[in-house]
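Below is one structure, written out as structure tokens; comments come after it.
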Amino acid sequence: MSTPARQESTTGQRAASAISPTRAENYAEWYQQVVRAADLAETSPVRGCMVIKPWGWAIWENIQRALDAMFKETGHRNAYFPLFIPLSFLQKEADHVEGFAKECAVVTHHRLEVGADGKLVPAPSAELDEPLIVRPTSETIIGASFAKWVQSYRDLPLLINQWANVVRWEMRTRLFLRTAEFLWQEGHTAHATSEEAVAETMQMLGVYARFARDWMAMPVVQGEKTAGERFPGAVNTYSIEAMMQDRKALQAGTSHFLGQNFSRASEIVFLNERNEQAHAWTTSWGVSTRLVGGLIMTHSDDDGLVVPPRLAPAHVVVIPVAHKAETAAAVTEHCRRVADELRQQRFAGEPVRVELDARDMRGGDKAWQWIKRGVPVRVEIGPRDMEADSVFMARRDRPHKEKSGVPRGEFVAGIAALLQEIQDGMLARATAFRDEHTRRIDARDEFDAFFTPSRGGRPGDDGDGGAEGGPTEIHGGFALSHFCGDPAVEAEVKERLGVTVRCIPLDGFGGGDEPGRCVITGRPSERRVVWAKSY
RNA sequence: CGGAGCGUAGCUCAGCUUGGUAGAGCACCUGCUUUGGGAGCAGGAAGUCGCAGGUUCGAAUCCUGUCGCUCCGACCA
């Protein structure tokens with residue numbers, strides 16, 4: 001990660017990397033530049049809201065498609081509920097109000113009129129009796145429907161998912177990672193028993209972990225959140241936590257066991273087998289467009305985006321190298337045939353997605369655009385390759401200069417295996433990175449040192465780089481350390497080091513289930529937890 | 001909402017201290033020459049300098065206010 005930044009010199013020479021600054025130089029800025037260079041999204045005239053551009057949207061569509069299938073395999077069905085929620089609904093669950101009230105967009109009028117100064121203003125006569133909030137999450141509005149849909153234990157379980165947008169009025173936003181409006185899916189289920197609802201909560205956490213691993217090539221830790229990090233109104237919150245390349249944790253998905261809190265609030269009541277009135281047990285779970293941010297920060301390098309093949313909008317881009325007018329048509333036609341041959345192949349159960357880039361522009365420029373967009377495999381075919389019936393091939397997971405000539409037939413026949421190899425390699429690399437920066441820590445001074453950059457920045461600085469001292473060096477990682485469970489201790493560590501308990505691992509990550517003594521207080525602890533700085 | 005920085009061509013920025021009505025590189029368009037790699041030369045189009053006031057003969061440059069963006073903090077999928 002010590003590659004020098006790309007310099008735009010007057011001679012048009014480019015330096016080693018396509019993205020400037022590099023990850024090591026300024027990670028936060030690098031992220032923004034990757035998003036831009038890959039043409040994924042841009043900021044909009046609306047504060048905190050993003051425009052998702054076609055390439056970014058295509059990745060999200062692939063994410064949606066894969067997850068949607070997994071939800072359906074586990075018995076869920078899609079439905080849709082209103083964008084607006086009556087203010088009184090939010091109020092039904094005390095913790096829920098407290099958690100979301102501060103970041104709600106509120107609709108108070110239903111008509112505009114021309115005011116005294118000629119500008120449009122909300123019409124005073126059109127004020128709503130009850131304000132509506134734009135959903136920050138849909139527990140309460142879906143609860144209202146569930147209350148009607150559930151009468152008997154025979155109506156349960158109720159397994160619903162919705163794909164939607166939600167709004168949380170965040171102070172600071174970053175494309176994909178935190179925007180005021182974001183897209184997500186939210187699963188909402190109701191069950192007859194606590195055990196069943198807990199099982200559902202865990203099942204969906206597992207679905208998320210599998211999706212992250214198998215599709216995103218992003219290893220995650222499954223675990224339970226501490227009380228301080230719990231979803232407002234939940235009994236228990238579970239999450240999948242991934243490590244980004246700056247070694248900070250990203251909460252990539254959550255699954256909540258809501259107990260009977262929301263069924264009481266929304267009166268989701270049913271008659272059980274013993275003819276008794278009972279409140280249902282509910283769950284909710286969601287992942288958002290933040291996953292795209294996680295994808296970027298897990299795999300991308302100093303040349304831009306790297307997309308795992310299973311989510312790539314295009315698996316292969318075929319670039320005709322046709323400089324002379326007399327050969328151009330033939331080369332392009334040949335490329336078209338190769339592209340079609342590739343499309344006959346299947347990868348991960350779907351046809352191979354191929355982009356033929358026959359645009360009239362310089363080849364080098366064209367190739368770099370695809371590098372920055374992260375297409376897994378690039379193929380360049382010129383007159384000589386055509387003559388030899390071979391292709392010139394480069395993989396996005398290898399240095400861009402590393403290219404090889406391959407016989408066309410061999411390449412086409414092997415494309416699925418190649419894509420799988422890239423997919424597997426990306427997971428292996430990300431896993432190795434995470435493990436390399438995960439450390440069991442039992443001594444408090446070692447813990448403090450682990451989360452303190454060796455140069456510049458104050459201990460609490462999260463490494464994003466400040467206005468004054470420049471970016472803080474990348475440091476830290478996951479600390480597997482014992483924790484006594486005292487919320488005050490967690491708060492103190494957060495204040496002092498900017499570090500929180502990301503989760504109490506449930507999947508055996510790091511062998512965390514052995515007893516020991518709290519790394520901060522020395523008090524007894526049942527298990528190690530994952531501490532990290534986070535997004 | 002508290003702190004810092006910044007808003008000048010599509011992008012990145014220079015000019016501002018020492019006020020005199022706007023520059024560069026990249027991108028874009030045209031032509032020629034090139035071409036297994038993000039080309040070279042020539043020409044061209046493109047900004048009234050975030051917005052609103054003020055000072056001044058004159059403001060991108062000084063002053064005030066305001067809006068927005070980025071980063072830090074608080075909040076958070």
Side-chain angles (χ1 to χ4, degrees), chain A residues 6-15 17-18 20 26-29 32-33 36-37 42-48 98-103 136-137 166-174 176-186 208 225 229 231-232 237 239-241 250-256 284-294 303 319-325 327-328 331 361-372 378 380-385 392 394 400-401 403 405 457-458 460-472 494-495 498 500 534-535:
Chain A
R6 166 182 148 192
Q7 302 285 332
E8 299 270 4
S9 76
T10 48
T11 62
Q13 289 297 308
R14 316 264 180 164
S17 70
S20 175
N26 186 339
Y27 193 83
E29 180 62 20
Q32 308 222 83
Q33 294 305 325
R36 196 152 71 115
E42 61 190 23
T43 54
S44 76
V46 185
R47 181 199 179 88
E98 201 174 321
F100 288 109
K102 286 169 290 188
E103 51 187 35
T137 180
V166 290
V167 168
R168 296 181 188 177
W169 213 262
E170 301 290 351
M171 289 294 115
R172 271 185 62 213
T173 57
R174 295 176 74 183
F176 290 113
L177 292 173
R178 182 173 303 108
T179 44
E181 177 192 20
F182 57 94
L183 306 179
W184 76 347
Q185 58 69 218
E186 47 182 327
Y208 289 155
K225 286 295 196 181
E229 300 270 329
F231 176 75
T237 287
S239 71
I240 54 171
E241 300 283 333
L250 181 77
Q251 179 173 309
T254 51
S255 187
H256 314 291
S284 69
W285 29 274
V287 296
S288 71
T289 34
R290 170 179 268 196
L291 286 177
V292 178
D303 284 330
I319 303 172
V321 180
H323 301 301
K324 297 186 176 63
T327 55
V331 168
M361 57 186 281
R362 298 187 64 80
D365 207 356
K366 200 188 274 188
W368 274 105
Q369 286 190 7
W370 294 108
I371 291 172
K372 289 186 280 196
R378 297 193 310 285
E380 299 168 5
I381 305 175
R384 293 208 293 275
D385 306 296
F392 211 49
H400 69 264
K401 287 189 197 124
K403 302 183 195 174
R458 48 185 197 76
D461 194 330
D462 70 355
D464 267 342
E468 288 157 357
T472 307
K494 182 177 184 180
E495 169 68 22
T500 50
S534 75
Y535 278 94

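Here the structure is a predicted model, which is why all the values come from computation and not from measurement. Every heavy atom of this structure was used, including side-chain atoms; hydrogens, water molecules and symmetry mates were not. Convention: sequence-line order gives letters A, B, ...; per-chain numbering from 1.
A:L250 approaches A:L177 most closely through the heavy-atom pair CD1-CD2, 4.0 Å.
The interatomic distance linking A:D303 (CG) with B:G38 (C1') rounds to 11 Å, in whole Å. A:L291 places its CG atom 14 Å from the P atom of B:A77, with the value rounded to the nearest Å. Per the geometry, CG belonging to A:D365 stands 10 Å off C1' belonging to B:G37, to the nearest Å. Taking atom CD on A:E29 and atom C1' on B:C13, their separation rounds to 14 Å, with Å as the unit. The CH2-P distance, from A:W368 to B:A27, rounds to 15 Å in whole Å. One atom, CD of A:E229, and another, C1' of B:C75, lie 12 Å apart when rounded to the nearest Å. In this structure, A:M361 atom CE and B:G37 atom P are separated by 16 Å, rounded to whole Å. Atom CZ of A:F231 and atom P of B:C75 are 18 Å apart (whole Å).
Base pairing annotation: B:G68 forms a Watson-Crick or G-U wobble pair with B:C6, both donor-acceptor distances under 3.5 Å. With both pairing distances under 3.5 Å, B:G58 is matched to nothing as a Watson-Crick or G-U wobble pair. Taking a pair to require two hydrogen-bonding distances under 3.5 Å in either a Watson-Crick or a G-U wobble arrangement, B:C13 pairs with B:G23. Base pairing of B:C32 is made with B:G40, judged by Watson-Crick or G-U wobble geometry with both donor-acceptor distances under 3.5 Å. Within the shown strands, nothing qualifies as a pairing partner of B:C49 under the Watson-Crick or G-U definition with both distances less than 3.5 Å. Pairing for B:C1 goes to B:G73, judged as Watson-Crick or G-U wobble with the two contacts each under 3.5 Å.
For B:A77, the base is stacked against the aromatic ring of A:F182, per a cut-off of 5.5 Å between centres and 30° between planes.
A:T137 is listed as a side-chain neighbour of A:F100, based on a closest heavy-atom distance under 4.5 Å. Within the 4.5 Å cutoff, the side chain of A:Q185 has heavy atoms near those of the A:W285 side chain. For the pair A:K225 and A:E241, the minimum side-chain heavy-atom distance is below 4.5 Å.
Between the C1' atoms of B:A60 and B:A74, the separation comes to 36 Å (whole Å). Across B:G68 and B:A52, the matching P atoms stand 16 Å from one another, rounded to whole Å. Taking the C1' atoms as reference points, B:U18 lies 47 Å from B:U33, given to the whole Å. Rounded to whole Å, the C1' atom of B:G19 lies 22 Å from the corresponding atom of B:C13. The separation of B:C67 from B:G53, taken at their C1' atoms, amounts to 14 Å, rounded to a whole angstrom. The same atom, P, is picked in B:G47 and in B:A42; the two are 24 Å apart, to the nearest Å. Look at the P atom in both B:C62 and B:G20: the space between them is 11 Å, to the nearest Å. The same atom, P, is picked in B:U61 and in B:G54; the two are 14 Å apart, to the nearest Å.
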Dump every N/O contact between nucleotides 34-36 of chain B and the protein below 3.5 Å, one line per pair.
unit_1, atom_1, unit_2, atom_2, d
B:U35, O2', A:H323, ND1, 3.1
B:U35, O2', A:H323, NE2, 2.6
B:U35, O2, A:H323, ND1, 3.0
B:G36, N7, A:R384, NH1, 3.2
B:G36, N7, A:R384, NH2, 3.3
B:G36, O6, A:R384, N, 2.8
B:G36, N1, A:D385, OD2, 2.5
B:G36, N2, A:D385, OD2, 2.5

Look for any protein N or O under 3.5 Å of an N or O in nucleotides 6-11 of chain B and output each such pair with its distance, or none.
unit_1, atom_1, unit_2, atom_2, d
B:C11, O3', A:R36, NH1, 3.3

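Both A:T173 and A:S288 lie near RNA chain B, and the one whose nearest nucleotide falls closer to the 5' end is A:T173.
The number of heavy-atom neighbours closer than 6.0 Å to CH2 of A:W169, taken from other residues, nucleotides and ligands shown, is 12 or below. When the shell of 6.0 Å around CD of A:E98 is examined, it contains 12 or fewer heavy atoms from other residues, nucleotides or ligands.
Of the possible polar contacts, one joining the A:S288 side chain to the A:R290 backbone as a donor-acceptor pair under 3.5 Å is found.
Here the nucleotide nearest the side chain of A:R168, chosen from B:G38, B:A77, B:U70, is B:A77. Listed nucleotides B:A77, B:G38, B:C71 differ in distance to A:R290; the shortest reach to its side chain belongs to B:A77. Closest contact between the side chain of A:Q32 and the listed nucleotides B:C71, B:G38, B:C75 involves B:C71.
Nucleic acid contact for A:E170: base, since at least one base atom lies under 4.0 Å from a heavy atom of the residue. Across all strands shown, A:T179 has heavy atoms under 4.0 Å from base atoms, whether or not it also approaches the sugar-phosphate.
Atom NZ of A:K366 is separated from atom CD1 of A:I371 by 13.5 Å, given to the nearest 0.5 angstrom.
Contact annotation: A:K494 side-chain N/O to B:C75 OP1/OP2 distance is under 4.0 Å.
Counting distance only, with no hydrogens placed and no angle test, the side-chain atoms of A:K401 and the base atoms of B:G37 include no donor-acceptor pair under 3.5 Å.
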